[in-house]
Amino acid sequence: QVQLVESGGGLVQAGGSLRLSCVVSGRTFSNYAMGWFRQAPGKEREFVGGISRSGGSTDYANSVKGRFTMSRDNAKNTVYLQMNSLKPEDTAVYYCAAASRSSYSTTPALYNYWGQGTQVTVSS
């Protein structure tokens with residue numbers, strides 16, 4: 001069984017930065033493409049960013065491009081989401097997800113495993 005544990009969320013002022021981490025255990029981490037999603041109250045879960053198994057390919061939602069950066073360390077079984085220039089509209093619960101495929105997807109249903117989420121709150 002694959003387990004994902006996120007950390008790094010918190011309260012930050014607008015313009016600030018946070019780095020989220022997601023540690024994966026249970027299976028070979030490098031077999032999974034990884035994604036970050038977020039869900040704000042009353043809204044559907046939305047794609048934030050994705051990274052391929054090798055880490056050589058990434059993509060981001062338009063709303064975070066130029067501000068957020070995903071990376072992965074396959075030796076540490078960890079994927080990261082560096083969030084800069086945070087805005088109040090970035091406030092949400094952030095989830096990491098693992099997909100048994102070579103590349104990421106923007107579709108939540110294509111991910112096999114999910115973490116429990118970490119809250120990010122950006123104050124104005």
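The CD atom of Glu6 sits 5.0 Å away from the SG atom of Cys22 when rounded to the nearest 0.5 Å. Between Tyr94 atom OH and Leu20 atom CG the span is 7.5 Å, to the nearest 0.5 Å. Between the OH atom in Tyr104 and the OG1 atom in Thr58 there is a gap of 6.0 Å [rounded to 0.5 Å]. Arg45 contributes atom CZ, which lies 13.5 Å from atom OG1 of Thr107 (distance to the nearest 0.5 angstrom). Ile51 CD1 to Ser57 OG: the interatomic distance, rounded to the nearest 0.5 Å, is 8.5 Å. The line from CG of Leu86 to CZ of Arg67 is 6.5 Å long, rounded to the nearest 0.5 Å.
For Lys65, the NZ atom sits in a packed shell: over 12 heavy atoms of surrounding residues, nucleotides or ligands are nearer than 6.0 Å. Summarising the local packing, CD of Gln3 is surrounded by 12 or fewer heavy atoms from other residues, nucleotides or ligands at distances under 6.0 Å.
For Gln39 (side chain) and Ala92 (main-chain N/O), no donor-acceptor pair under 3.5 Å exists by modelled atom type. Side-chain atoms of Thr121 do not come within 3.5 Å of backbone N or O of Leu11 as any donor-acceptor pair. Between the side chain of Tyr113 and the backbone N or O of Gln1, no donor-acceptor pair lies under 3.5 Å. A side-chain donor-acceptor contact under 3.5 Å links Asn112 to the backbone of Ser100.
Judged by a 6.0 Å distance limit and a 45° cone about the ring axis, Arg27 is not positioned over the six-membered ring of Tyr32. In this structure, Arg72 satisfies the cation-pi test against Phe29, with its NZ or CZ atom closer than 6.0 Å to the six-membered ring centre and inside 45 degrees of the ring normal.
Taking 4.5 Å as the limit, every side-chain heavy atom of Met70 sits out of range of all side-chain heavy atoms of Tyr80. Residues Met34 and Leu4 are in side-chain contact: their nearest non-hydrogen atoms beyond the backbone lie under 4.5 Å apart. Leu110 is listed as a side-chain neighbour of Arg101, based on a closest heavy-atom distance under 4.5 Å. Between Ser17 and Met83 the shortest side-chain heavy-atom distance does not fall below 4.5 Å. Side-chain atoms of Gln119 and Thr91, non-hydrogen and from C-beta on, do get closer than 4.5 Å to each other. For the pair Val24 and Val2, the minimum side-chain heavy-atom distance is below 4.5 Å.
Of all heavy-atom pairs spanning Ser124 and Pro88, the tightest one is CB-CG, 3.8 Å. The minimum heavy-atom distance linking Ser30 with Asn74 is given by the pair CB-ND2, 3.6 Å.
Side-chain heavy atoms closer than 4.5 Å link hydrophobic residues (I, L, V, M, F, W, Y) into clusters, and following such links, even through other members, never connects Leu18 to Val93. Val79 and Val64 end up in the same hydrophobic cluster when Ile, Leu, Val, Met, Phe, Trp and Tyr side chains are linked at under 4.5 Å. Under the 4.5 Å side-chain contact rule for hydrophobic residues, Val12 and Phe68 share a cluster.
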Quiz item: Passes side chain to side chain contact (heavy atoms under 4.5 Å, CB included), Thr118 versus Tyr95? Steps please.
Solution: CA-CA 7 Å; Thr118 186; Tyr95 300 90; over 6 Å; no
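Classification of the Tyr111-Phe37 ring pair by plane angle, with boundaries at 30° and 60°, yields perpendicular.
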